[in-house]
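Remarks on the structure that follows.
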Amino acid sequence: MKKSIAKRPIFMVALINVLAFALLFIYRTPLNYQTLYVGGSILALNLVTYTIIRYYRLGDEYLFLIVSMLITIGVVMICRINYSLGIAQVGWYLIAICVFYLVFAAYRFIGFWGRLRWLYLALAIGLFIATQIIGTTINGAKNWIVIGGYSFQTSEVIKILFIFFLSCYFGGERDGFVFNIKEKYFITLMTYAFMGFLILQREWGFTLLIFATYFIMLYIYENDRLLLLANLLAAFFVGFAGYKLLRHIQIRIQNWINPWDDIANTGYQITQSLFAIAAGGFFGRGLGLGSPEVIPEVYSDFIFAAICEEMGIFGGVAIILLYLIFMYRGLKIALALGDGFDKSISLGISIMFGFQTFIIIGGVIKFIPLTGITLPFISYGGSSLVTSFVSLGILQAISAKGGAE
Amino acid sequence: MINKRIIRVIFMFTLMFIMLIGYMTYFEIFQSEAVHQNPYNKRQWAYEEDITRGSILDRGGVVLAHSQGTERIYSYGPLYSHVIGYNSKIYGKTMLESKYNKYLLGQDILTQVFNLSGDKKVGYDVTLTIDHELQRFAAKRMGGYSGAVVALNPKTGEVLALVSKPDFDPSDQNLVENWINLTESEKFPLLPRATSGLYAPGSTFKIITSAAAVENGLGDEEYMDYGTVKIGNTEFQNYGKKAGGALDLKKAFAISSNTYFCSLGAKLGGEKLLAFAEAFGFNRVFDFDLPLEKSRFPAAKGDEDTAALAIGQGEMLATPMQMAMAAAAVANEGVIMKPHIVKNIKNSLGVTIDETKPQQLYRAMTAQTAEKISQMMVDAVKSGTGTAARISTITVAGKTGTAENEFLGREKNKEHTWFVGFAPAQNPEIVIAVMLEYSGKTGGDLAAPMARDIIMHYFGK
Amino acid sequence: MPTIFSALSTILRYVFITIIYLFIFGIIRMIFLDIKKMDIPRPRQIPKNMAYLQLLTDKKSLYFDVDSVYPLDTEHIIIGRSEKCDISINDLYMSTRHVQLWFEDGEWYIADLGSTNGTYINGRKMKDEPLILDSGDTIKIGQLEFLVVI
């Protein structure tokens with residue numbers, strides 16, 4: 001029972017939007033009316049999409065509700081840090097929403113996604129090779145492809161292909177053979193191949209993400225506990241070998257244990273992040289009153305530190321809770337489904353979102369070693385935002401299917 | 001089966017996310033302050049430059065430190081170097097400048113909205129319990145001696161004066177010019193002796209030994225003082241080997257008989273003595289406004305040890321603040337009020353942000369015992385070792401001390417001299433501890449007259 | 001200007017945090033109601049996407065006939081004792097025309113029609129103005145309690 005619209009969660013999203021953008025509007029002088037357009041566009045996109053989902057009953061409404069809150073907070077923070085990036089992000093959001101509807105329709109009305117495993121594998125390997133050949137090096141890692149002036153991070157696409165590939169197996173019969181290899185060993189092998197490629201690209205975050213997702217999926221579906229144990233041992237071994245052999249990983253571990261030793265150099269980023277969080281306290285400094293801009297990469301990987309600085313630990317905890325509810329909703333959709341491709345896909349997507357959030361937030365607050373990866377829906381970046389909405393579109397389509405059956 | 005595992009996965013993620021939240025909370029509560037103060041934190045520099053640091057005032061409103069732009073001005077030069085400390089971009093912050101940094105840079109909504117002084121933000125003002133007139137006089141009266149003077153109000157725990165010598169000019173300019181001298185000088189001018197200096201308390205510790213004796217029913221029996229006494233393998237002697245004759249606790253206290261107290265200590269035993277030392281604050285810490293060194297009292301290994309400890313020698317060390325607290329216990333019916341030096345904190349509009357309320361810290365002994373010891377201390381000043389502290393119009397209670405130290409047997413005239421006491425004895429308003437290190441005279445000759453003059457000054461005589 | 005901004009921002013940070021937590025609370029509440037709804041399986045005869053009322057009161061204790069499920073299959077429904085009502089129940093504690101429900105702009109509304117014994121939504125007696133119904137709300141009319149499933 002609701003007496004007024006004011007109690008509706010979507011209203012809270014709108015309220016945050018209006019208040020925050022009004023505040024940003026007077027943040028810099030001379031007044032920049034574009035701020036209001038940015039806020040208005042985000043608000044309009046959120047309200048329209050939410051209404052469409054609700055009115056046409058396109059499945060679970062909470063998923064988008066949470067995402068709209070995350071998007072709002074994300075764009076507010078990006079605008080506050082770097083104005084032109086904020087405007088760019090609105091553009092990306094518009095594209096992402098369109099992609100969301102397309103993916104929704106495609107997934108909702110096309111039924112043979114579970115039979116394309118070779119296509120996913122071929123696409124992924126193709127992308128890996130393409131990245132190695134025509135890729136651009138950004139921040140010391142060759143993991144971007146530039147097409148027509150726009151660059152995108154191939155690993156973002158690959159992680160979705162990986163979920164599809166895995167689901168073809170987990171959502172299927174699970175006892176076939178590929179080239180005389182039992183299917184479960186084949187996908188294990190392929191997972192390690194994916195990880196190998198990602199390590200070549202120095203995508204430590206994605207490597208970890210792919211492995212964690214694979215491992216949890218295996219835990220859920222596979223009764224062969226020995227294989228699970230073997231994987232765990234392999235992970236330890238690979239991690240240990242990586243630590244011994246790769247300077248990169250050693251630095252990351254050292255900076256996790258004690259970043260203060262090398263503040264000026266390798267520990268710079270993480271210590272700046274910790275300074276920001278410490279400056280925020282429980283309630284934050286207030287929007288526009290902190291100095292998150294001194295953290296390198298603050299608009300993408302480190303945006304959580306900026307949120308903590310200006311919105312406080314309480315703001316940060318709220319973000320974590322939002323992701324937790326989002327994940328719960330995703331897994332809940334999977335729970336309601338019978339065995340099959342859809343269940344497996346929704347599991348894979350939810351688990352991947354969960355780990356991605358954990359890896360980057362944990363890294364930024366120095367709870368675990370830092371591995372660069374974006375914070376879904378909040379970080380600046382076209383590839384990240386669009387692929388997050390691809391995942392959301394799929395989840396949405398699955399939840400709509402579930403309701404219609 | 002699959003769904004059961006999915007539910008387990010939901011639990012796992014919930015746990016992982018709760019761990020993130022837990023770690024963030026832990027970080028905020030236990031680590032963020034240290035991280036925030038890290039010298040590499042640019043944010044902090046920028047933040048400080050944006051704010052005019054608040055002033056520090058004495059209890060009457062005399063400005064002791066204030067800021068003009070980014071420059072910190074200490075109006076009385078070295079006088080408060082061991083109370084306020086310094087605030088330097090290069091050498092960091094010490095003492096109150098460090099401990100109250102958050103407040104001196106303090107901001108609240110009121111200050112921000114009604115900021116009348118222009119565009120620069122203004123921090124909070126910190127008012128101390130220090131009486132500037134008394135502080136100034138005590139420092140002057142100490143002259144060139146190294147040591148400390150601590151004056152407290154025994155009923156509230158307010159610190160009225162806190163002088164440590166040698167001191168130094170805390171201005172940024174002086175620090176830059178003389179840093180090497182300051183850090184390498186053999187006189188250790190950077191050591192805040194009143195709160196962080198550790199010294200053998202000598203005979204002033206007999207206050208605590210006496211309390212232990214009274215509460216354990218000892219002290220009324222007769223004792224023959226022959227000037228020396230052998231306990232275990234050690235011979236303890238009175239000052240100048242003077243024999244005191246037939247003594248009870250009261251008389252022994254007044255003439256500060258070592259032989260008496262050594263025997264008394266051995267009779268009491270190490271454990272009881274330790275218990276009382278701890279009741280008075282030894283081996284314990286409390287959150288004082290300034291860094292406070294813990295005073296140490298060891299577990300005695302035998303009668304010899306106990307005998308030495310009973311007269312404030314042996315492996316025992318006390319800060320002048322600790323001995324002032326011991327006298328305060330006697331003055332305040334056995335209760336030590338928590339010493340504090342910050343009276344209140346106000347924002348630039350004069351609204352009180354925080355205020356220190358008197359608070360009981362320890363109960364050292366019963367009121368009856370305190371009353372007896374108080375009388376003994378009055379006698380010690382009236383007719384004992386502390387006569388130099390006598391004032392005709394005010395009854396002063398006190399105890400002198402002359403403590404041997406690491407120079408014993410190697411060099412003469414290197415003892416620490418002490419006087420601790422309070423006045424007026426019937427209704428104490430001020431407790432004082434004077435300690436002069438390596439001064440080479442007796443407490444009665446040197447520290448007692450100094451204490452007398454400071455007390456007289458306090459009462460305006 | 002900067003001073004006004006910082007004062008505003010300093011105050012608004014509390015507002016932001018409050019709103020975000022209200023939001024989280026709202027969602028958790030909605031999900032909770034959703035789960036409550038899912039505990040009772042959707043009856044066969046009700047098509048997907050159709051809202052309905054689920055009887056919560058134990059039928060055995062009643063002296064009159066009542067269905068366990070009433071589909072909300074038209075856009076305007078009146079509940080009462082009269083046989084002319086869309087949902088007619090012979091409960092003596094119910095007024096002839098007790099309460100009406102209608103669908104408008106994607107929401108189900110409820111309004112009491114001046115009944116003698118009143119209508120209770122989630123245990124609270126409703127006033128004169130109409131309310132929007134949400135999945136998981138309960139409606140008590142006469143001796144009966146219904147769960148709203150939308």
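Each chain gets a letter, A, B and so on, in the order its sequence line appears, and its residues count up from 1.
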Query raised in the report: Is it the backbone or the side chain of A:I295 that comes under 4.5 Å from a heavy atom of chain B, or both, or neither?
Result: side chain
Query raised in the report: Any idea which of A:L321, A:L335, A:L331, A:I361 has the most non-hydrogen atom pairs under 4.5 angstrom with chain B?
Result: A:L335
Query raised in the report: Do the ring centers of A:Y62 and A:F326 come within less than 6.0 Å of each other?
Result: no
Query raised in the report: For B:R193, does its backbone N or O pair with a side-chain atom of B:S196 as donor and acceptor, under 3.5 Å?
Result: no
Report summary line: Of B:Q31, B:M12, B:M24, B:E33, the largest count of non-hydrogen pairs under 4.5 angstrom with chain A goes to B:M24
Query raised in the report: Under a 4.5 Å heavy-atom cut-off, does chain A meet the side chain of B:F27, its backbone, both or neither?
Result: side chain
**Report entry** Interface moiety of A:I351 toward chain B, non-hydrogen atoms closer than 4.5 Å
**Finding:** both
Query raised in the report: Given that the side chain runs from C-beta out, which part of A:E309 has a heavy atom under 4.5 Å from chain B: side chain, backbone, both or neither?
Result: side chain
Requested in this report: Tell me, for A:V317 versus chain B, whether the close heavy atoms (under 4.5 Å) come from the side chain, the backbone, both or neither.
Outcome: both
Query - Top contributor to chain B contacts, counting heavy-atom pairs under 4.5 Å, from A:T271, A:I216, A:I365 - result: A:I365
Query - Worked verdict on A:N231 versus A:Y214 for side-chain hydrogen bond (donor to acceptor under 3.5 Å, both in side chains) - result: CA-CA 10 Å; A:N231 264 301; A:Y214 159 77; 3.0 Å; yes
**Report entry** Member of A:F377, A:Y323, A:F358 meeting the ring pair (Phe, Tyr, Trp, His ring centres under 6.0 Å) criterion with A:F353
**Finding:** A:F377
**Report entry** Main-chain N/O of A:Q269 paired with A:S273 side-chain donor or acceptor, under 3.5 Å
**Finding:** no
Query raised in the report: Contact part of A:L347 toward chain B, heavy-atom cut-off under 4.5 Å: side chain, backbone, both or neither?
Result: side chain
Report task. For side-chain hydrogen bond (donor to acceptor under 3.5 Å, both in side chains), just list the numbers for B:E71 and B:S171, CA-CA rounded to whole Å, side-chain angles, deciding distance to a tenth of an Å, and then say yes or no. Result -> CA-CA 9 Å; B:E71 197 194 350; B:S171 72; over 6 Å; no
Report summary line: When the 4.5 angstrom heavy-atom criterion is applied to A:Y268 and chain B, the contacting part is side chain
Query - A:E293 with A:R80: basic N within carboxylate O range, under 4.0 Å - result: yes
